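Structure, as structure tokens:
Atoms within each ligand, like the ligands themselves, are counted from 1 in listed order. Only this structure's heavy atoms are used, side chains among them; waters, hydrogens and symmetry mates stay out. All values derive from a computational prediction rather than experimental measurement. In this chain, residues are counted from 1 in sequence order.
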Amino acid sequence: MDGKYIGKATPRVDGRKIVTGQAKYTHDIRLQGMLIGKILRSPHACAEVAAIDLGPVKALPGVMAALPLAEGKLRYAGEQVAAVAATSEQIAEKALALIKVDYRILPAVVEWEKAREEGAPQVRDGKPNVEKFNQAARGDVEKGFKEADVVIERTYRTGFEIHHPTETHASIASWDGEALTVYDSTQNVHGVRDGLARALKMPAANVTVIKNYMGGGFGSKLGLNAHTVVAARLAREAGRPVKIALSRRENSLCVGYRPSSCQTYKAGVKKDGTLTALSLVNFASGGTGYGDDVSEPTVDLYRCPNVKAEEFSVFTNTGASRATRAPGHTQAMLGLEGVMDELAAAIGMDPLELRRKNYSTRNQGDTGLPYSTKGLDKCYEAGARAIGWERRNKRPGEGTGTVRRGIGMASSIWWGTGAPGTLVDLVLYPDMSVEAVCGTQDIGTGTRTHMAVVAAETLGLEPREITIKVGSSDYPWAPASGGSTTTPSVAPAVRDAALKAVERLKELAALKLKAKPEEIAMENRVFSVKGAAVKSVPFADVYHDLRRETVFHGACVEYPEDRYAFNTFGAHFAEVEVDLETGKIRVLRYAAAHDSGRIINTQTAESQVIGGITQGLSAGLFEERVMDSTTGRPTNANLRDYKIATSLDIPEITTIFVDVVDDRLNNLGAKGLGEPPRIPSSAAIANAVYNAIGVHVREIPMTPKRVLEVLKRKEAGS
Ligand code: MOS
């Protein structure tokens, strides 16, 4: 691949449209006669609904539909109870206040530590609040601990982190007879279509879901949301389109969050750095849903013969958690990479050396397969060089003064291999215009741009010449934009279609040039026969011979996952400053190195990395949903009290992509990058803080209070 665009920096093809406000987000959609829908939500963490009186609401002028929604027991504050659609937002709000609900309040538990206690209110009927949901084992950990020179046991905790996309969730439903069109702020137009069809008991063929532009989702918009079904039901009852846009408060209550974790590791190591045993017990809390599996990196990342992991979900009366950018692995790295650093200190070894010493070239989980490619060693090297690894404290906390500096790192392992079966139609017109059509969605990542880059590169055109059509369930199938899967699913399908188009164009050129198709070269917007400079024909003439628009079908195909393990890797390095008097942490510099296969567009890839680090820093230092046991509600269901990082908190970031092309995976050798930069970022900062102050905080967010507490414990010598 020559790479005029692929592997280079291309600005977003829709960048101008986005920054000038011309791009239509779901919040911007206004349909003729559109009503505003609002949902009444339970104020109680657990209650039974004895009666709902919608009478006074239906009598209110401007209210066009009202529905009871509560089914059985309400299990968290924020669960939907009833809904209205009205001609204005004000009337809808007024109507909600008129709904009379007779609640029978039941005992609830909203804090996971309390849910574990004897006699705690049962969250799920007839089932305990703690349930084992995952386990893994190989070798014999007890034997491994006996073989170790040093064994340490440590517990790391991660808090509840809310997705808080810039654009809150929104759905607009509109019926035309039996056909339903829904504009939805979603990561998954096809999934929402199928979910709506099931929920409304109607054929999927009669449902179209559209998402043009979107302000992020991070997992909270991966599938059908409850309010989307409500919008469709209200619209059917009212006979008019209905829009439901969730408030920031609703985003804090009912569309998920990253579940907490409490990970206890026991790790054994020989003096030379050889890992002999690793065990993990995790308690994860995901409200009325399950927690995340955090054990995969423990099982897979480091060469270790004896491993054991057990994971438990703790159920509470809070809304169900949801996949959040790199679910599980993000939490896991605080623990696993924390314990690696604490092990390194215990044997007086460079933490990066310890990781290299236990480097694995094959999957150590169930498959045991060799990695098709693994550039983690290259990430270690490039990242260490970029941050100036040799400047770190050789012993954690060896500096002096009241403001301490430290450097730390953490690794990433993830999937991101793409979905075979992803389809793209590439349409070539006789006037030389080209469009690429795919039922994927650009969730803010730059999907349109990478599609244009791959099509342009292959066809010998420029990215701005390719019209991109995405974001409709009527377009050819593509997977949800989640799991770092979009680029390795869509880009190979675009490439496939474009290669087929080039083949056809060469056939047409060959007719004109009286040559064989395989003799035709394509360069500088002409087709020519090699060695005969005069024998050439411009692109325009050959496209003209297509006579009418011609569709080339491309697909993402299967890869040999029975013979190789396919993963993405990365290593992040952070330099921090910790004020021992205030407990405040400042991140000074950051370097991120990634192996995500071939990078299609370095500009949008860099944006992903910066975004992942920003979120990781934010979760590492600030973000935490806090539940109030008295009210059963979050105390910080807004962006004033729920703190997130701002631009002032973000340091200079160096982004490195190591050059590892995985040709076994797809026709571009490209892998995903959406989640990987989120995986090691909080952990790298936590390890840098450890290097600075000589004691690991072991809990995120690392608020000043927590930092001061661990410093006090260190001083007391415990
Ligand atoms: Mo992601 S949590 O796969 O949107």
Per-atom filter on ligand 1: closer than 4.0 angstrom to a heavy atom of G219 are 2 (S), 4 (O)

Subset of ligand 1 atoms that lie under 4.0 Å from at least one heavy atom of T324: 2 (S)

Partner set under salt bridge (charged side-chain N to carboxylate O under 4.0 Å, His left out) for E311, not counting sequence neighbours: none

What protein heavy atom is closest to atom 2 (S) of ligand 1, reported as residue, atom name and distance in Å? R325 N, 3.2 Å

Could you say whether the N/O atoms of G483 and ligand 1 ever approach to under 3.5 Å? yes

Does an N or O from Q187, backbone or side chain, lie closer than 3.5 Å to an N or O of ligand 1? yes

Within 4.0 Å of some non-hydrogen atom of F218, the atoms of ligand 1 are 2 (S), 4 (O)

Counting only nitrogen or oxygen atoms and a 3.5 angstrom limit, does G482 reach ligand 1? no

Could you check whether R664 makes a cation-pi contact with Y564, meaning its NZ or CZ is under 6.0 Å from the centre of the six-membered ring and within 45° of the ring axis? yes

Name the residue from H594, K378, R598 that meets the side-chain contact (heavy atoms from CB on, under 4.5 Å) definition with F657. H594

By salt bridge (charged side-chain N to carboxylate O under 4.0 Å, His left out), which residues pair with R625, not counting sequence neighbours? none

Take a 6.0 Å sphere around CG of D562 and say whether it holds more than 12 heavy atoms from other residues, nucleotides or ligands. yes

Would you mind reporting whether S682 and Q615 have side-chain heavy atoms less than 4.5 Å apart? no

For E675 and ligand 1, does the shortest N/O to N/O distance drop below 3.5 Å? yes

So, do Y590 and F573 sit near enough that their side-chain heavy atoms are less than 4.5 Å apart? no

Distance under 4.0 Å to a non-hydrogen atom of A323: what atoms of ligand 1 satisfy this? 2 (S)

